[in-house]
Amino acid sequence: MQNLDQEYWKKKYETQDTGWDIGHISTPLQTYFDQLEDKKIKILIPGAGNSYETEYLYQQGFSDVYLMDWAHPPLQHFKERNPDFPTTQLLQEDFFRHKGKYDLIVEQTFFCALPPHLRRPYARQMARSLKEGGKLVGLLFNRVFDQEGPPFGGTAEEYRQYFKPYFQLETFEACYNSIEPRAGSELFVKMKRRF
């Protein structure tokens with residue numbers, strides 16, 4: 001397996017080898033965001049890449065939204081597209097060492113980019129990064145890929161075992177409004193921190 005370190009992801013962006021990047025916000029997340037009423041909540045999108053989700057939220061008046069990526073190029077691309085976005089809310093960090101606390105964390109192609117041995121630590125760190133009553137919401141692949149990842153796939157049954165110790169699973173079901181290339185292979189998840 002390749003070493004999926006900071007340099008690996010930096011090169012992916014520099015060579016534009018970003019097949020996961022659909023060039024716009026995904027429909028399921030836009031639908032979820034559009035029903036949020038409190039625009040003062042503190043939101044994190046880790047492993048965000050070019051993060052059209054952050055861009056959309058900010059344009060809708062969510063001012064306390066943070067974009068995090070390990071690699072510098074996507075943060076730079078985001079800032080070029082959104083020059084008014086606060087630089088202090090662009091975080092070039094290792095998510096697993098991050099100490100911030102949020103009301104909402106958004107999952108969009110971060111989980112599937114991580115080697116499977118990091119899934120349990122991911123669930124634990126997500127819970128640690130949420131305030132009391134905070135939620136983790138997003139999309140997970142509900143399929144196994146033929147080739148070695150990333151992306152790394154899996155099943156709903158497998159994923160539940162990682163999250164149940166830390167979260168109350170409110171929604172964990174097949175996504176009804178995926179973009180066409182991902183139709184039938186995504187789960188929409190919404191879970192609330194247990195402790």
Side-chain angles (χ1 to χ4, degrees), residues 6 9-10 12-14 16 18-114 122 125-141 151 170-171 175 177-182 186-193:
Q6 191 175 23
W9 293 108
K10 179 174 178 266
K12 284 280 191 186
Y13 284 100
E14 287 175 345
Q16 296 183 2
T18 54
W20 64 87
D21 187 330
I22 61 174
H24 55 83
I25 186 172
S26 67
T27 310
L29 289 177
Q30 181 175 341
T31 301
Y32 176 76
F33 296 158
D34 286 348
Q35 56 82 47
L36 293 175
E37 295 178 358
D38 184 359
K39 297 198 173 180
K40 294 181 181 175
I41 59 173
K42 188 175 183 182
I43 304 171
L44 173 67
I45 306 180
N50 288 318
S51 201
Y52 306 100
E53 292 73 29
T54 304
E55 186 170 1
Y56 182 80
L57 284 165
Y58 192 67
Q59 289 171 350
Q60 300 308 307
F62 292 86
S63 58
D64 206 11
V65 59
Y66 293 77
L67 184 166
M68 179 188 291
D69 206 282
W70 207 5
H72 179 68
L75 299 175
Q76 183 178 342
H77 297 159
F78 181 89
K79 188 63 175 171
E80 288 167 3
R81 288 193 336 262
N82 301 277
D84 296 334
F85 190 84
T87 304
T88 55
Q89 291 170 218
L90 296 173
L91 310 174
Q92 186 182 355
E93 291 183 42
D94 177 350
F95 169 71
F96 292 95
R97 296 178 180 214
H98 186 62
K99 303 294 186 196
K101 295 277 190 183
Y102 302 86
D103 300 296
L104 173 65
I105 302 180
V106 178
E107 166 55 48
Q108 169 70 337
T109 69
F110 180 42
F111 182 83
C112 70
L114 297 169
Y122 165 102
Q125 177 64 10
M126 282 290 180
R128 287 178 181 161
S129 300
L130 285 164
K131 298 176 184 178
E132 185 175 349
K135 292 189 177 181
L136 169 60
V137 175
L139 300 165
L140 302 174
F141 276 119
E170 297 183 346
T171 306
C175 192
N177 59 348
S178 297
I179 61 168
E180 187 57 38
R182 297 179 186 169
E186 286 186 313
L187 294 169
F188 182 79
V189 299
K190 180 170 71 166
M191 46 192 116
K192 185 176 179 180
R193 195 191 89 166

Checklist entry - What orientation do Phe188 and Tyr32 show, parallel under 30°, tilted 30 to 60°, or perpendicular over 60°? => result tilted
Next on the checklist: Using side-chain heavy atoms (C-beta onward) and a distance below 4.5 Å, is Val106 in contact with Val65?
Outcome noted: no
Item to check | Sidechain-backbone polar pair: Lys99 side chain, Ser129 backbone, donor-acceptor under 3.5 Å | outcome: no
Item to check | Under 3.5 Å donor-acceptor, Gln89 side chain and Ser63 backbone | outcome: yes
Next on the checklist: Are the side chains of Tyr56 and Asp34 in contact, using a 4.5 Å heavy-atom criterion?
Outcome noted: yes
Item to check | Distance, nearest 0.5 Å, that separates CG of Leu44 from CG of Leu67 | outcome: 8.5 Å
Checklist outcome for this item: Distance col, row Asp103:CG vs Asp38:CG, nearest 0.5 angstrom, shows 7.5 Å
Checklist entry - Nearest 0.5 Å, what's the CZ-CD1 distance between Phe33 and Ile43? => result 6.5 Å
Checklist outcome for this item: Shortest non-hydrogen pair, Pro28 vs Cys175, comes out as CG-SG, 3.4 Å
Next on the checklist: Tell me the closest heavy-atom pair linking Tyr66 and Thr88, and the distance in Å.
Outcome noted: CE2-O, 4.1 Å
Checklist entry - Is there a donor-acceptor pair under 3.5 Å between the side chain of Lys190 and the backbone N or O of Lys135? => result no
Checklist outcome for this item: CZ of Phe95 to CD1 of Ile105, rounded to nearest 0.5 Å, is 5.5 Å
Next on the checklist: Which label fits Phe110 and Phe96: parallel for a plane angle under 30°, tilted from 30 to 60°, or perpendicular past 60°?
Outcome noted: tilted
Checklist entry - With the threshold set at 4.0 Å, does a side-chain nitrogen-carboxylate oxygen contact exist between Lys42 and Asp64? => result no
Next on the checklist: Ignoring hydrogens and geometry beyond distance, is a side-chain donor-acceptor pair present between Glu107 and Tyr122 at under 3.5 Å?
Outcome noted: yes
Item to check | CD/Gln35: more than 12 non-hydrogen atoms of other groups inside 6.0 Å | outcome: yes
Checklist entry - Around Lys192, counting heavy atoms of other residues, nucleotides and ligands shown, do more than 12 lie under 6.0 Å from its NZ? => result no
Checklist entry - Quick one: does Gln125's side chain have a donor or acceptor within less than 3.5 Å of a partner on His98's backbone? => result yes
Checklist entry - Which heavy-atom pair separates Phe78 from Glu55 by the least distance, and what is that distance? => result CE1-N, 3.7 Å
Checklist entry - Can you tell me if CD on Glu80 sees more than 12 non-hydrogen neighbours from other groups inside 6.0 Å? => result yes
Checklist outcome for this item: Rounded to the nearest 0.5 angstrom, the CG-CG distance for Asn82 and Leu90 is 9.0 Å
Checklist entry - Do you know the tightest heavy-atom contact between Leu139 and Ser26? => result CD1-OG, 3.6 Å
Item to check | Distance, nearest 0.5 Å, that separates CD of Gln59 from OG1 of Thr54 | outcome: 11.0 Å
Next on the checklist: To check you understand the geometry: which heavy-atom pair defines the closest contact between Ser51 and Arg81, and what is its length?
Outcome noted: O-NH2, 4.0 Å
